[in-house]
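Structure record follows, encoded as structure tokens.
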2 protein chains.
Amino acid sequence: MGRLGEFIGFRLRRVQNLLSKDFASATRKYNLRSGLFSSLSLISSNPGISQNELSAAVGLDKSTFVQVIDELEKRGLAKREKSKTDRRRHALFVTDEGQIFLNELYEIMAKTESAALKQLSPSELSLLKALLDRMYEVL
Amino acid sequence: MGRLGEFIGFRLRRVQNLLSKDFASATRKYNLRSGLFSSLSLISSNPGISQNELSAAVGLDKSTFVQVIDELEKRGLAKREKSKTDRRRHALFVTDEGQIFLNELYEIMAKTESAALKQLSPSELSLLKALLDRMYEVL
DNA sequence: TATTGTTATACTCTATAACTATA
DNA sequence: TATAGTTATAGAGTATAACAATA
């Protein structure tokens, strides 16, 4: 790999690439549009979140989420509700069916990561998380 | 972040996202097409590599690299040479100018990572690399 | 027949700008 | 005026399929 292999970003990316490819192939049958999983998860963890807040959390433009949420609604996984206090906003909620589906995706994600995590002892894993968090906070 | 934050892939991605955004903004003036840096680096480390081998190493389709290498040639950073032994193949080489530019990109990458790496002691950094390599090898 | 590089093409992802309805 | 959501649109990035040259 040459000097590219000296960089920590290279190592991060190649592990993450494999994980995300594994997750993509494990969920291919669900035909998950980009951002659907993370949106569903964030709505679940933050009931009533607006589309604007969601886009800020994910770091993509708000226009990106219109189709994502259209699809979540069409699939019956989440729904928009007009805010009573500010009628411009849509409060977003995960449906019961959406929560079941989301739990299934969490399971698949956990299984995807399990092979990699088996290589690490519990203390190594918590150290890895701590190191990554320290790097994230300073960037 | 909810349960999404429990996954190691989430932590890997968010650190790597920040690193790659920082690198992108630090190199914006060079107008680097996707794959140009990694291709130039791999050609430099593997002189005479073919387009097919390059695409296999990066994990993208060979058709993707036609335009990347067109641009590397147009900028005078690398060149194609017809292989003597198999006239279908193009042996790829970095020019002197390309090597100078590549070294500059390595510098920028190192500077990009330095903020994050300052958070880690030398032994933590080498452990982090080892853990990531162990995860990569098993995936 | 199979492989290397090429072209044409289409699809996904994402951003920007302009619009609407509200505030 | 400003903000939330929407629409239209354009630009990247990538893959697939078909092709020419060569093996």
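Proteins get letters first, then strands, A, B, ... in listed order; numbering begins at 1 in each. As the structure is a prediction and not an experimental result, all values here were calculated from the model.
One finds a side-chain N or O of B/Thr64 lying less than 4.0 angstrom from the OP1 or OP2 phosphate oxygen of D/dA15. A sub-4.0 Å separation between OP1 or OP2 of C/dC13 and a side-chain N or O of A/Gln67 is absent. The phosphate of C/dT20 has neither OP1 nor OP2 within less than 4.0 Å of any side-chain N or O from A/Arg87.
Defined by atom type and a distance below 3.5 Å, a donor-acceptor pair is present between the side-chain atoms of A/Arg80 and A/Gln51. For the residue pair B/Asn52 / B/Ser50, no side-chain donor-acceptor distance below 3.5 Å is found, with atom types taken as modelled. Under 3.5 Å, the side chains of B/Asn103 and B/Gln99 contain a donor-acceptor pair of N or O atoms.
The CG-P distance, from B/Leu32 to D/dG11, rounds to 20 Å in whole Å.
For B/Asp61, counting side-chain heavy atoms from C-beta on, the closest listed nucleotide (D/dA15, C/dT6, D/dG5) is D/dA15. If you check D/dA8, D/dG5, D/dT16 against the side chain of A/Ser63, the one that comes closest is D/dA8. Out of D/dT7, C/dG5, D/dG13, the shortest distance to the side chain of B/Arg89 is found at C/dG5.
At a threshold of 4.0 Å, the pair A/Arg14-B/Asp133 counts as salt-bridged, since one of the basic side-chain nitrogens sits closer than that to a carboxylate oxygen.
The base of C/dT3 is paired with the side chain of B/Arg88 by a donor and an acceptor separated by under 3.5 Å.
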